[in-house]
Amino acid sequence: MNINKSDSIHSSDFIRQIIREDLRTNKYSKVYTRFPPEPNGYLHIGHAKSICLNFSIAKEFGGLCNLRFDDTNPTKEQSEYIESIMKDVRWLGFDWEDRLFYASDYFDKLYDYAVQLIKDGKAYIDSLSAQEIREYRGTLTEPGKDSPYRNRSVEENLDLFKRMRASEFEDGTYVLRAKIDMSSANLNMRDPVMYRILHSTHHRTCDKWCIYPMYDFAHGQSDSIEGITHSICTLEFEDHRLLYDWFLEQLNIHHSQQIEFARLNISYTILSKRKLLQLVEERYVNGWDDPRMPTISGLRRRGYTPEAIRDFCERIGVAKTYTVVDIALLEHCIRQDLNLRAPRVMAVLRPLKLVIDNYPEDRVEELEAVNNPEDDSMGTRKIPFSRVLYIERGDFQEEPQKKWFRLAPGREVRLKHAYIIKCERVIKNEQTGEIVELHCTYDSETKSGCAKSGRKVKGTLHWVSAAHSIEAEVRLYDYLFLRENPNDVEEGSDFKANLNPDSLETLTSCRIEPSLANEKPGTRYQFLRLGYFCVDIDSSDEKLVFNRTVSLRDTWAKIQKAQK
RNA sequence: UCGAGGGUCGUUCAAGGGUAGGACACCGGCCUUUGAAGCCGAGAAUGAUGGUUCGAAUCCAUCCCCUCGAGCCA
């Protein structure tokens with residue numbers, strides 16, 4: 001058996017292995033997949049995993065992937081969500097071409113399938129209330145019992161079903177159920193509801209219907225109608241596969257193979273549409289695209305790239321094990337992508353005035369700065385240097401800690417792209433003791449790029465020229481939740497108890513170098529020594545607003561932590 | 001308790017009878033006009049117990065642990 005050792009059967013995730021085997025044995029001759037969201041919320045990164053899986057698999061095997069909205073519950077679904085979902089899938093870089101479908105496209109067909117099952121004696125109309133159905137269903141350990149209406153005649157079932165459709169009955173008075181086995185150990189097989197009465201306007205079919213199929217009666221048949229070969233879904237549907245298969249067998253129609261994989265979980269993050277909706281509705285965040293949200297739209301606004309998200313989805317792998325992926329991996333992916341692509345600029349978030357006493361008052365130099373040391377083709381730009389600058393407040397310590405090699409009284413540092421300076425004097429507010437200004441001298445021999453610029457100092461600081469810099473607002477984001485597992489709470493409390501009160505910090509008096517003026521929303525930069533930032537849509541002509549996508553790795557922060 | 005599925009470094013994914021490997025994280029070093037990036041290195045795992053076998057993460061048995069399941073949600 002060692003002959004096949006290098007065979008690609010063992011070279012990728014279990015789903016691709018199954019598909020390869022299905023192709024080899026001619027179970028299917030082509031590969032069709034689908035991404036089937038319910039339009040009841042915005043897509044999040046967990047969906048991205050599924051999107052990447054389905055579209056990538058189709059592409060790899062020369063097949064196609066459809067986009068299909070699973071819109072069988074009009075009480076929860078809205079067109080707004082449809083729009084956002086299509087936008088997000090496209091933004092992620094996937095194309096369903098002309099294959100945009102809706103489960104609601106199949107309502108007529110589904111109705112016919114239901115009639116067929118009634119005629120075959122495999123479905124019946126139940127008059128039990130929802131409460132009674134629950135009671136009759138039994139429990140995990142006890143079998144259910146048959147509904148007293150289970151043996152209505154085919155004629156009566158047909159008649160009742162027609163009248164359900166014809167809007168003769170109130171919501172909840174009747175349901176259509178499959179006649180399977182009330183004592184099955186699999187609860188899904190205990191005569192599952194196929195249709196319920198819902199007098200609710202559907203976002204697409206409007207008021208054409210007042211009965212709607214349940215997920216179990218819609219999904220498999222929709223797959224079948226579209227000729228899907230591999231219906232990839234998450235683990236919680238594993239128990240439904242028996243029912244999925246049952247309907248397709250009874251109906252004797254094209255049978256796609258359902259395959260389940262483990263959904264994505266990420267530390268410090270919640271990926272439940274229901275809970276995300278709650279955060280939005282109860283205003284814990286500013287909408288679905290709040291940059292703290294794990295939604296695609298939130299990540300996009302935050303500055304994440306589709307490439308980074310796709311890379312992440314590849315790296316996390318596909319398996320059936322319950323897992324929680326370290327959010328550090330997501331951060332690594334975006335850093336790695338942006339490192340190569342984002343131009344470097346200088347921005348001072350918490351400005352501290354610095355005066356170079358021996359630099360002429362009226363002098364302004366245009367210094368050359370490389371835009372990206374990782375990519376020479378990104379060129380250079382000029383930045384103004386003058387006597388009065390701003391540096392980062394955090395880059396000065398009056399009484400320096402161990403291993404500190406930034407600025408301190410008497411110490412020298414390099415100003416990036418400029419000169420080496422030495423701190424001569426600290427000016428404080430006499431009342432508060434707050435440091436308000438630093439006075440330094442510069443060494444004119446040490447200009448960046450010049451022959452004698454080779455002198456080494458330990459620290460290099462970013463800076464902006466006070467007179468030339470422009471003001472900006474910068475929003476710093478931290479994890480939305482304080483705990484790795486946001487659902488880990490005391491009895492009687494819920495995930496909201498773990499919300500991080502400091503997940504958003506807004507800095508309004510930041511100074512950025514003038515080359516950034518007039519940038520468009522979405523533009524991404526590395527603010528030197530700080531992190532990756534992108535222009536937010538809240539920016540106006542008067543003021544730029546930046547989101548911090550992710551900070552740079554911070555070794556100094558680790559040293560500080562270790563010193564404590 | 002019943003059914004389904006799953007247990008491999010801290011995390012995640014490989015290896016499917018033949019040297020347990022990668023990535024992220026962590027730690028150490030080199031380099032550095034970003035304490036970034038990059039480069040080099042280290043530590044670190046087969047849930048347990050038996051069995052089969054020359055050889056077991058892989059096959060068998062028993063046990064333990066985790067996830068999901070009792071919507072007219074998907």
Side-chain angles (χ1 to χ4, degrees), chain A residues 1-2 5 10-13 36-38 40 70-73 75-77 126 128-130 133-135 137-144 171-172 174-177 184-190 192-198 212 214-216 218-219 233-242 260 262 267 273-274 315-326 328-333 335-336 339-340 344 346 370 373-374 403-406 413-418 420 446 448-449 453-462 526-531 551-559:
Chain A
M1 271 330 249
N2 287 346
K5 202 66 213 279
H10 296 297
S11 68
S12 62
D13 63 76
E38 183 189 11
N40 68 342
D70 219 336
D71 56 350
T72 57
N73 185 353
T75 65
K76 292 189 175 169
E77 295 149 8
D126 201 352
L128 253 27
S129 68
I133 286 182
R134 200 172 308 130
E135 285 161 9
R137 186 151 35 225
T139 69
L140 293 175
T141 51
E142 298 161 310
D171 288 6
Y174 294 97
V175 288
L176 177 68
R177 300 179 71 178
S184 172
N186 184 329
L187 287 288
N188 296 118
M189 301 301 273
R190 320 242 262 230
V193 172
M194 295 163 60
Y195 267 92
R196 75 286 216 191
I197 302 173
L198 245 31
Y212 292 92
M214 298 287 289
Y215 165 85
D216 285 308
H219 201 92
C233 62
T234 44
L235 248 29
E236 64 269 28
F237 293 101
E238 217 156 13
D239 286 341
H240 292 249
R241 191 175 60 236
L242 196 58
E260 312 86 13
S267 55
K273 265 204 247 181
R274 206 197 91 238
R315 286 172 185 253
I316 57 177
V318 185
K320 301 190 75 159
T321 325
Y322 174 87
T323 58
V324 180
V325 174
D326 190 342
L329 182 61
L330 216 211
E331 296 175 337
H332 173 260
C333 290
R335 284 191 187 110
Q336 194 179 256
N339 177 44
L340 300 175
R344 273 60 169 170
M346 294 203 282
V370 295
E374 306 283 339
K403 291 186 181 172
W404 176 262
F405 44 84
R406 276 116 95 148
V413 294
R414 155 81 58 186
L415 292 178
K416 181 76 179 174
H417 304 308
I420 291 174
T446 57
S448 233
S453 69
R455 186 148 73 85
K456 301 281 185 212
V457 286
K458 273 198 276 186
T460 301
L461 307 188
H462 61 278
Q526 184 194 104
F527 287 179
L528 225 56
R529 303 210 304 133
L530 296 173
S551 66
L552 253 27
R553 286 184 67 224
D554 190 349
T555 303
W556 169 243
K558 281 180 196 166
I559 293 170

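Protein chains get the first letters and strands the later ones, always in sequence-line order, with residue 1 at the start of each.
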Using the [atom1] atom as the point on both nucleotides, what is the distance between [M] and [N], in whole Å?
{"N": "B:rC63", "M": "B:rG7", "atom1": "C1'", "answer": "14 Å"}
{"N": "B:rC59", "M": "B:rA70", "atom1": "C1'", "answer": "36 Å"}
{"N": "B:rG18", "M": "B:rU34", "atom1": "C1'", "answer": "49 Å"}
{"N": "B:rA36", "M": "B:rA25", "atom1": "P", "answer": "13 Å"}
{"N": "B:rG10", "M": "B:rU46", "atom1": "C1'", "answer": "16 Å"}

Polar atom pairs between nucleotides 2-5 of chain B and protein, under 3.5 Å, N or O only, would you list them?
{"from": "B:rC2", "atom 1": "O2", "to": "A:L140", "atom 2": "O", "distance (Å)": "2.9"}
{"from": "B:rG3", "atom 1": "N2", "to": "A:D239", "atom 2": "OD2", "distance (Å)": "2.9"}

Keeping the roles fixed (side chain from [X], backbone from [Y]), state whether a donor-acceptor pair exists under 3.5 Å.
{"X": "A:D239", "Y": "A:N186", "result": "no"}
{"X": "A:R344", "Y": "A:R529", "result": "no"}
{"X": "A:T446", "Y": "A:I420", "result": "yes"}

Whole angstrom value for the distance that separates [atom2] of [N] from [atom1] of [X]:
{"X": "A:K273", "N": "B:rA74", "atom1": "NZ", "atom2": "P", "value": "11 Å"}
{"X": "A:L242", "N": "B:rG69", "atom1": "CG", "atom2": "P", "value": "17 Å"}
{"X": "A:R315", "N": "B:rA14", "atom1": "CZ", "atom2": "C1'", "value": "15 Å"}
{"X": "A:D554", "N": "B:rC26", "atom1": "CG", "atom2": "P", "value": "11 Å"}
{"X": "A:K76", "N": "B:rC72", "atom1": "NZ", "atom2": "P", "value": "12 Å"}
{"X": "A:D326", "N": "B:rU12", "atom1": "CG", "atom2": "P", "value": "9 Å"}
{"X": "A:L330", "N": "B:rU12", "atom1": "CG", "atom2": "P", "value": "15 Å"}
{"X": "A:Y195", "N": "B:rG71", "atom1": "OH", "atom2": "C1'", "value": "18 Å"}

Test applied, side-chain hydrogen bond (donor to acceptor under 3.5 Å, both in side chains); reference residue, A:N40; option that passes from A:K273, A:R274, A:E77: A:K273
Please say which of A:D70, A:T75, A:D71 ends up in a side-chain hydrogen bond (donor to acceptor under 3.5 Å, both in side chains) with A:N73.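 So, applying the side-chain hydrogen bond (donor to acceptor under 3.5 Å, both in side chains) to A:N73 and each of A:D70, A:T75, A:D71, only A:T75 qualifies.
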Lys/Arg-Asp/Glu bridge criterion (N-O < 4.0 Å) met for A:E38, A:K76: no
No-H, no-angle donor-acceptor pair, [X] side chain to [N] base, under 3.5 Å:
{"X": "A:H462", "N": "B:rA36", "answer": "no"}
{"X": "A:E236", "N": "B:rU67", "answer": "no"}
{"X": "A:S448", "N": "B:rU33", "answer": "yes"}
{"X": "A:R414", "N": "B:rU33", "answer": "yes"}

N/O (side chain, [X]) to phosphate O (OP1/OP2, [N]) under 4.0 Å:
{"X": "A:K558", "N": "B:rC26", "result": "yes"}
{"X": "A:R190", "N": "B:rA70", "result": "no"}
{"X": "A:T139", "N": "B:rU1", "result": "no"}
{"X": "A:R134", "N": "B:rC72", "result": "no"}

Can B:rG71 be described as syn, meaning its chi torsion is within 90° of 0, or is it anti?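 For B:rG71, whose glycosidic angle is within 90° of 0, the conformation is syn.
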Partners of A:H240 by ring pair (Phe, Tyr, Trp, His ring centres under 6.0 Å), sequence neighbours excluded? A:F237
List for me each residue that meets ring pair (Phe, Tyr, Trp, His ring centres under 6.0 Å) alongside A:F527, sequence neighbours excluded, and say none if there are none.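 Expected list: A:F533, A:F546.
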Shortest non-hydrogen pair, A:M189 vs A:S184, comes out as CB-OG, 3.5 Å
Intra- and inter-strand pairing of RNA chain B, written as dot-bracket with Watson-Crick and G-U pairs under 3.5 Å and | for the latter, reads .((((((..((((....[..))))..((((.......)))).....(((((..]....))))))))))).....
So which protein N/O to nucleotides 56-58 of chain B N/O distances come out below 3.5 Å?
none

Restricting both atoms to N or O, compile the protein contacts to nucleotides 37-39 of chain B shorter than 3.5 Å, with distance only.
{"from": "B:rA37", "atom 1": "OP1", "to": "A:R553", "atom 2": "NH1", "distance (Å)": "3.3"}
{"from": "B:rA37", "atom 1": "OP2", "to": "A:R553", "atom 2": "NH1", "distance (Å)": "3.2"}
{"from": "B:rA37", "atom 1": "O2'", "to": "A:N339", "atom 2": "ND2", "distance (Å)": "2.7"}
{"from": "B:rA37", "atom 1": "O2'", "to": "A:E374", "atom 2": "OE2", "distance (Å)": "2.8"}

